[in-house]
Amino acid sequence: MVLKLYGSRRFACTRRVGVVLHEKKVPFEFIEVDWQNGEHKSPAYLDKQPFGQIPYIDDGGLILYESRAICAYIATKYPNQGTVLIPTQLKANALYLQAASIEVSQFNDPAEKAVLEVMKKRAQGKTPDKAVYDIHIARLRTILEVYDKILGKQRYLAGDDITLADLYHLPYGCALTDIGSSIMEEMPNVGRWFKDISSRPSWQKVKDGVTSTAKCSICPR
Amino acid sequence: MVFKVYGAWTVCTHRVLCVLKEKDVPYELTIIDFSVGEHKSPGFLAKQPYGQTPYIDDDGFILYESRAICHYIAMKYADRGPQLVPTELRADALYQQASSVEYSHFNEHAVAAATAVIYRPVYFNLPADPVAFDAAIGKLSAMFDVYDVTLGKQKYIAGDEFTLADIHHLPYMSILSVETGTNVIATKPNVDRWFKDISSRPSWKAVLEEQKLAQGK
């Protein structure tokens, strides 16, 4: 039975799962959730994702939500298919979890807030608040200055091999560039690293929106 | 060489100490002096470049981010004490999911609540912010409504076994319950049952006792 990804094709968290599915060469059917009409708050949806958030997967009856948990599940279920994305050796695994934790605790919040300040205001036909935007970018810059030191000594965030921790940065990292920020290119090592991960074929396949790579013709929606 | 923890008597260090005690791993705790900016000193930043606590030194292996440290300890000492990380694929996925909910959603609102009524007056000499507190508690209440349904079907947050996902919640659940004056946990029967269970574990009681002794209270 083909894995089903319920999401919104251009949402950051949906594309985060999409890039990992492609990296691990796992076929999937993509189903667009009609969030603009509140589908994610419907009883049927809440039965699967009780926090009313996007995305979730249905893998042969296993329902899973939280994009990074889904990514870790896929990488764990298919350890040797496609790219190895979670190190198994004890210390290498710990350094991967350290990097993945920093993405959530330090990178995601200012990146997401900067992106949403601009995108939401523009969608409403309003001017983004520059003072608010600048605060988030300044926070992000402080974090990326540390990244730049780390990436001056190793190729990726957890060591010399790519891991999920690197891929998690793609959706908001690229969105920052899309809204006109050059922060992901400003520093030499961060720039080198981000160009590397954002040019991977797996990201190219989802960066403009996730689409199905397989169809489950006998399964109900 | 003994396991070294460099931390403070705060949430993130509590998490790590709780796991060390669950696994019965001896350790040496060094308290970092924030009041003199020790966490921003070159010596500290050489180990933890974000200037935060805790970090560990396990015979020369340096690691930071409390949840990463907790997982490292659980895996290194997998052969002793409770199994805090599931090994079976489906159980592990549900553990990852519960951990992610804690990290990406619970933590943010818990921090906001604690900041509004504890950290603002205690650390920043600012008045408490009851409006921000009520907003954070409102968000937590909605989250706990979901938790209450889950915990009505299973004993712990990721399933019927105690995992790191429960420990990750413990420090802020404790602060909310004991120090902020909210009864939001008590109003959700299954969440309340779960919290009473995990906070009565000897490991957690030992962490609080150690802090009491260290601070001469």
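Naming: A, B, ... by sequence-line order, numbering from 1 per chain. Because the structure is predicted, anything quoted here is derived from the model rather than measured.
For B:Tyr55, no part lies near chain A; criterion is any non-hydrogen pair under 4.5 Å. Only the side chain of B:Phe61 comes within contact range of chain A, with heavy atoms under 4.5 Å apart. Residue A:Glu145: no heavy atom, backbone or side chain, is found under 4.5 Å from chain B. Of the two parts of B:Val146, only the side chain, counted from C-beta on, holds a non-hydrogen atom closer than 4.5 Å to a non-hydrogen atom of chain A. For a residue to count as touching a neighbouring chain, one of its non-hydrogen atoms must lie under 4.5 Å from one of that chain's; by this rule A:Ile70 does not touch chain B. For chain B, the nearby part of A:Ile150 is the side chain; its heavy atoms alone come within less than 4.5 Å. Using a 4.5 Å cut-off between heavy atoms, B:Ile69 does not touch chain A at all.
Counting non-hydrogen atoms of other residues, nucleotides and ligands closer than 6.0 Å to NZ of B:Lys153 gives a total of 12 or fewer. In this structure, B:Glu161 places its CD atom where only 12 or fewer heavy-atom neighbours from other residues, nucleotides or ligands lie under 6.0 Å away. The local environment of NZ in A:Lys41 is crowded, with over 12 non-hydrogen atoms from other residues, nucleotides or ligands closer than 6.0 Å. Counting non-hydrogen atoms of neighbouring residues, nucleotides and ligands closer than 6.0 angstrom, the NZ atom of A:Lys77 exceeds 12 such neighbours. Atom CG of B:Asp24 has 12 or fewer heavy atoms from other residues, nucleotides or ligands within 6.0 Å. Atom CG of B:Asn125 sits in a sparse spot, with 12 or fewer heavy atoms from other residues, nucleotides or ligands closer than 6.0 Å.
When all heavy atoms of A:Leu62 and B:Ala93 are compared, the closest pair comes out as CD2-CB, 4.4 Å. Between B:Ser104 and A:Val104, the closest heavy-atom pair is OG-CG1, 4.1 Å. Closest heavy-atom contact between A:Gln98 and B:Glu65: O-CG, 3.7 Å. When all heavy atoms are compared, the tightest approach of B:Ala68 to A:Ala94 is CB-O, 4.2 Å.
Comparing A:Val146, A:Leu95, A:Ile102 by heavy-atom pairs within less than 4.5 Å of chain B, the highest count is held by A:Ile102. Comparing B:His105, B:Glu108, B:Gln52 by heavy-atom pairs within less than 4.5 Å of chain A, the highest count is held by B:His105.
Counting heavy atoms from C-beta on, the side chains of B:Tyr72 and A:Leu97 never come closer than 4.5 Å. Between B:Gln97 and A:Tyr65 there is a side-chain heavy-atom pair separated by less than 4.5 Å. A:Tyr73 is not listed as a side-chain neighbour of B:Asp92, based on a closest heavy-atom distance of 4.5 Å or more.
No donor-acceptor contact under 3.5 angstrom links the side chains of B:Tyr50 and A:Ser105, judged on distance only.
Remark: B:Ser99 OG to A:Arg68 CZ distance equals 13.0 Å, nearest 0.5 Å. Rounding to the nearest 0.5 angstrom, the gap separating the CD1 atom in B:Ile62 from the NZ atom in A:Lys91 is 10.5 Å. For the atom pair CG (A:Asp59) and CZ (B:Arg90), the distance works out to 11.0 Å, reported to the nearest 0.5 Å.
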